[in-house]
Chemist: 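The structure follows.
Heavy-atom basis, side chains included; hydrogens, waters and symmetry copies ignored. Every chain is numbered from 1 and lettered A, B, ... according to where its sequence line falls, protein lines coming before strand lines.
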Amino acid sequence: MEIRLILEDDQEVQVPSGSTPLDLLRRLDGTGDRWIAARLNGRLIDLNAPLKEGGRLSFIPYDSKEGLEILRHSTSHLMAQAVQQLYPGVHVTIGPATEDGFYYDFDFSRAFTPDDLQRIEERMKELVDQDIPIRRMEMSREEALDFFRKRGEPYKVELIKEIDEPVVSLYEQGDFVDLCRGPHVPSTGKLRVFKLMKVAGAYWRGDEHNKMLQRIYGTAFPTEEGLRDYLRWLEEAERRDHRRLGRQLDLFSFHDEAGSGLVIYHPKGAILRWILEDLEKREHLRRGYHMVIGPQMLRAELWERSGHMEYYKDYMYFTEKDGQIFAIKPMNCLAHILIYNSKIRSYRDLPIRYFELGTVHRHEKTGVRHGLLRARGFTQDDAHLFCRPDQLHDEIQGILKFVRDMMGLFGFSFDLEISTRPEKAFGEPEIWERATRALQESLESLGYAYRINEGEGAFYGPKIDVKLRDALNRSWQCATIQCDFFLPERFDLTYVDASGERKRPVMLHRVILGSLERFIGILIEHYGGAFPVWLAPVQAVVMNITDAQREYAQQVTRELRAAGIRVEEDLRNEKLGLKIRENQLQKVPYMLIVGNREMERGGVSLRSREEGDLGFATLKEVLERIRRESEVVLGS
RNA sequence: GCCGGUGUAGCUCAGAGGUAGAGCAGCUGAUUCGUAAUCAGCGGGUCGGAGGUUCAACUCCUCUCACCGGCUCCA
C-alpha cells in the first residue's frame with residue numbers, strides 16, 4: 001500500500017507504507033547525511049521510523065537547534081552505553097541535552113575520575129565505529145515497568161510510574177536500552193564529534209534529600225569546527241572571568257582573614273562603583289524617587305514582625321548588645337516601611353518612591369559563592385514604591401522604562417519573565433489577579449514579549465524578572481519588579497482615600513542593576529575588562545619617553561586631572577614599548593605619550609586602546625575627546 | 001548544605017617521607033632608549049590552619065578553613 005507525503009517544498013511523493021524517512025531521503029538526495037530526524041505532521045520522528053500514515057513530512061538538519069538537541073541527546077545515550085559496559089552495576093537515570101551539550105546522571109558506588117572520562121570517551125568512539133543500529137520500541141507501561149525491574153534499573157522504574165501514557169517508548173542500541181521519548185539518530189555511526197567535559201555530583205531529580213548521583217557532562221557537535229568554536233568560546237569566557245580580571249586589573253580582592261564572600265574594593269574597583277552609584281542617584285532623582293538611608297542593623301523584633309525571622313532566618317547575621325538582638329539587614333525594605341509609616345499618608349501623596357543604595361548581608365551557603373556574582377555582603381540599587389492599586393500599571397511601566405534605559409546604556413539585551421501565584425500564597429486572588437494583569441499589561445504596552453512561569457511567584461506577590469544577555473550571550477538575572485501584598489498587611493500600611501477612608505497601598509520592591517557587586521562582575525566579563533571611557537577607572541595614562549619630559553608630563557597630568565579626567569602617569573625609567581604594553585594590558589583607553597617633539601608643540605601623541613597610534617593632538621583636543629566619550633546618554 | 005577537585009613566594013605554576021624550585025612581579029644598579037617585554041645583581045616561602053602517625057611530614061592519616069567545578073538554594 002502506498003502513502004502520500006507532502007514535503008516542505010509542497011512536492012508530493014508516494015512511498016510504500018512501512019518505508020522510512022531515510023528510505024525517502026536516499027531516493028531524494030542520495031545519502032541523507034545532512035539530516036538527523038524528521039517531522040511528520042508536526043511530530044518529531046526517527047529517520048528509521050516506519051511510516052504508516054501520510055501527511056506533511058519535513059527533515060531536521062543536524063545543524064538546526066532541534067537537530068543539535070537530538071544529536072546531543074543521542075550522544076548522551078551513547079555515553080550511558082559506554083559507561084554501563086565499562087562499569088557493571090551502574091544504574092542509569094536521566095540524560096538530557098542541555099544548552100551547550102548534554103549530561104547523564106549515574107548511580108555509581110564511587111565518583112568518576114578524569115581517567116574514567118578518557119576511558120569512557122574511548123569506548124564511545126569504539127561504539128561509533130561499530131555503527132550499532134538504534135531502534136525504537138513501544139511497550140505498554142506495565143511491560144516497560146517489568147522490563148526495567150528485571151534489568152535492575154530502579155530509577156527507570158520510578159520514572160515510568162510517573163508517566164501517564166498507556167504506552168511508552170524505549171530505545172535500544174545493542175546491549176543498551178533506555179526509556180526515552182526520542183527521536184534519535186538511526187545508528188551510533190551517525191555520532192562523530194563529542195567530548196566529555198567534567199564530572200560533578202547531582203541529586204536525583206535535583207532534590208537535596210535524594211541520593212547524590214554522578215553526573216558526567218559532555219558536548220557534541222555535527223562538525224569538528226563546531227566543537228572547536230565552542231572550546232574557543234569557553235577559553236574566551238575564562239579569559240573574561242571577572243575573578244581573574246579583578247586581580248589582573250587590580251579592581252578588588254577577597255581575603256580569608258576578612259571573611260568569605262566579602263568584597264574588598266581596591267581603588268580602581270571602588271571608582272567603578274562610585275561612577276555607577278553617581279549615575280544611579282542622578283537617574284533616580286530624575287524619575288521622582290526620594291533618596292533615603294536606613295541603618296545597617298535593625299532590632300530582631302522588627303524582623304519578627306516582617307516575617308523574615310520565620311522565612312529567612314538562616315540567611316541572616318545577628319549581633320547582640322545589652323540584651324537586645326539586632327539583625328544585620330539582609331534587605332532594605334523595613335526602614336523604608338518605617339519611613340512610610342512615620343506619618344499619615346493621603347491618596348494625594350501616592351505614589352511614594354524610596355530609593356537607597358542599600359548594603360545588605362546574606363549568609364549564602366558555602367558552595368554557592370562565586371566572586372562578585374554571589375557575595376555575602378553586597379549593595380543593591382533598591383527601591384520600594386507605595387501606590388494605589390490604580391497606579392500600579394503606570395508605576396510598573398515607569399520601572400520597565402528605567403530598566404530599558406539602563407540596559408541600553410551598557411548594550412545589554414534582555415528577556416522578561418512573569419512569575420504568577422504559587423499554591424501557597426498570601427492575599428486575595430482578586431488582588432493577585434489585578435497585580436498580575438498590571439504586570440502583563442505594562443509589558444505589553446511597551447511591546448515586550450515575555451514568558452510566564454506559572455506558580456513560580458513568591459508567596460507574597462507576583463513579579464517580573466529581567467534576565468540580561470551579555471557579550472557572550474550568557475543570561476544573568478538582575479532587575480526584578482516584585483509586588484508585595486504581605487508587608488503592607490503586616491505593618492498595617494495605609495493611606496487615606498478621597499472619602500476619608502483608610503486604604504491599603506500596594507508595595508513594590510524593585511532593583512534595576514540588582515546587586516552592584518554582581519552587576520560590576522557582569523560588566524567586567526561583558527567588556528572583558530576594557531571598559532568604555534565613561535566607566536574606565538583610569539581613562540588615560542601620561543607617559544614620558546625620557547626623563548627630559550618628566551616635568552612636562554606631570555604638568556599634562558595636572559591639567560587633565562584638574563579638568564576632571566581620571567588620569568595617571570607612568571614616568572618610570574622604562575622603554576616606551578614596555579609602558580605601552582603594560583598599560584594596554586591594563587586596558588587603559590588612552591595613552592598620552594610625550595617626547596621632545598610633543599613638548600615643543602605643546603601637546604601629546606595620542607594612542608587609543610582600540611586603534612593604536614593616533615598621532616599628535618593638543619591637550620584641548622584630548623580633553624574634548626575624552627569628555628565627549630564620557631557622556632552618558634540615557635533614554636527619557 | 002551535598003558530591004568531586006585544589007591550596008607550595010605578591011602572581012602563574014613545577015616538585016616531593018630526609019626540612020623547597022622556575023618565570024613574572026619586587027628591590028638595587030646600569031641604561032635615557034619614540035608606539036606591545038633593555039641588561040645585570042639581590043632579597044623573598046613556619047608548602048592554607050590544627051592535631052596525629054613516624055627517628056624524620058611540605059609529602060601519609062584525621063579534622064578544619066578557603067577556593068574551583070557542579071547540585072541545590074536565592075522568603
Chemist: Identify whether any heavy atom of A:Leu578 sits under 4.0 Å from a base atom; if not, whether one sits that close to sugar-phosphate; answer base, sugar-phosphate or nothing.
Modeler: sugar-phosphate

Chemist: So what does A:Arg369 touch, heavy atoms closer than 4.0 Å: a base, only the sugar-phosphate, or nothing?
Modeler: sugar-phosphate

Chemist: How would you label the contact of A:Ala111 with the nucleic acid (heavy atoms, under 4.0 Å): base, sugar-phosphate, or nothing?
Modeler: sugar-phosphate

Chemist: Check for me whether A:Arg215 meets the cation-pi criterion with A:Tyr103, that is, NZ or CZ under 6.0 Å from the six-membered ring centre and within 45 degrees of the ring axis.
Modeler: yes

Chemist: Looking only at the aromatic ring of each residue, does the gap between the centers of A:Phe106 and A:Tyr87 stay below 6.0 angstrom?
Modeler: no

Chemist: Taking the six-membered ring of A:Phe616 as reference, does the cationic atom of A:Arg601 (NZ for Lys, CZ for Arg) lie under 6.0 Å from its centre and within 45° of its axis?
Modeler: yes

Chemist: Just to be sure I understand the geometry, which residues of residues 596-617 of chain A put a non-hydrogen atom under 4.0 Å away from RNA chain B?
Modeler: A:Asn596, A:Arg597, A:Glu598, A:Ser605, A:Arg607, A:Asp613

Chemist: Taking the cut-offs as 6.0 angstrom to the six-membered ring centre and 45 degrees off its axis, would you call A:Lys198 and A:Tyr217 a cation-pi pair?
Modeler: yes

Chemist: Report yes or no: is the cationic atom of A:Arg510 (NZ for Lys, CZ for Arg) closer than 6.0 Å to the six-membered ring centre of A:Phe355, at no more than 45° off its axis?
Modeler: no

Chemist: Hey, is A:Lys329 close enough to A:Asp382 for a salt bridge, meaning N to O under 4.0 Å?
Modeler: no

Chemist: What residues in residues 198-206 of chain A put a non-hydrogen atom under 4.0 Å from any atom of RNA chain B?
Modeler: A:Lys198, A:Ala200, A:Gly201, A:Ala202, A:Tyr203, A:Gly206

Chemist: When all nucleic acid strands are considered with a 4.0 Å heavy-atom cut-off, which category describes A:Tyr217: base, sugar-phosphate, or nothing?
Modeler: sugar-phosphate

Chemist: Please work out if A:His308 contacts a base, only the sugar-phosphate, or nothing of the nucleic acid, heavy-atom cut-off 4.0 Å.
Modeler: base

Chemist: So what does A:Gly577 touch, heavy atoms closer than 4.0 Å: a base, only the sugar-phosphate, or nothing?
Modeler: sugar-phosphate

Chemist: Answer with base, sugar-phosphate or nothing: what part of the nucleic acid does A:Gln248 contact at a heavy-atom distance below 4.0 Å?
Modeler: nothing

Chemist: Report the residue (A:Arg243 or A:Asp207) whose heavy-atom-nearest nucleotide on RNA chain B is the more 5′ of the two.
Modeler: A:Arg243

Chemist: Contact class for A:Ser260 vs. all strands (heavy atom < 4.0 Å): base, sugar-phosphate, or nothing?
Modeler: sugar-phosphate

Chemist: Strictly below 4.0 Å, N to O, side chains only: are A:Arg362 and A:Glu364 in salt-bridge contact?
Modeler: no

Chemist: Among B:G34, B:C3, B:C73, which is the nearest nucleotide to the side chain of A:Ile593?
Modeler: B:G34

Chemist: Quick one: label A:Met331 by what it contacts on the DNA or RNA (base, sugar-phosphate, nothing), any heavy atom closer than 4.0 Å.
Modeler: base

Chemist: May I ask you to say whether A:Glu301 pairs ionically with A:Arg305, meaning some side-chain N is under 4.0 Å from a carboxylate O?
Modeler: no

Chemist: Counting runs of three or more consecutive pairs, Watson-Crick or G-U wobble, with each distance below 3.5 Å, where are the stems of RNA chain B?
Modeler: B:1-7 with B:65-71, B:10-13 with B:21-24, B:26-30 with B:38-42, B:48-52 with B:60-64

Chemist: Before giving the answer on ring-ring contact (aromatic ring centres under 6.0 Å, His included), spell out for A:His526 and A:Phe412 the whole-Å C-alpha distance, their side-chain angles and the decisive distance to 0.1 Å.
Modeler: CA-CA 9 Å; A:His526 180 61; A:Phe412 291 124; 4.2 Å; yes

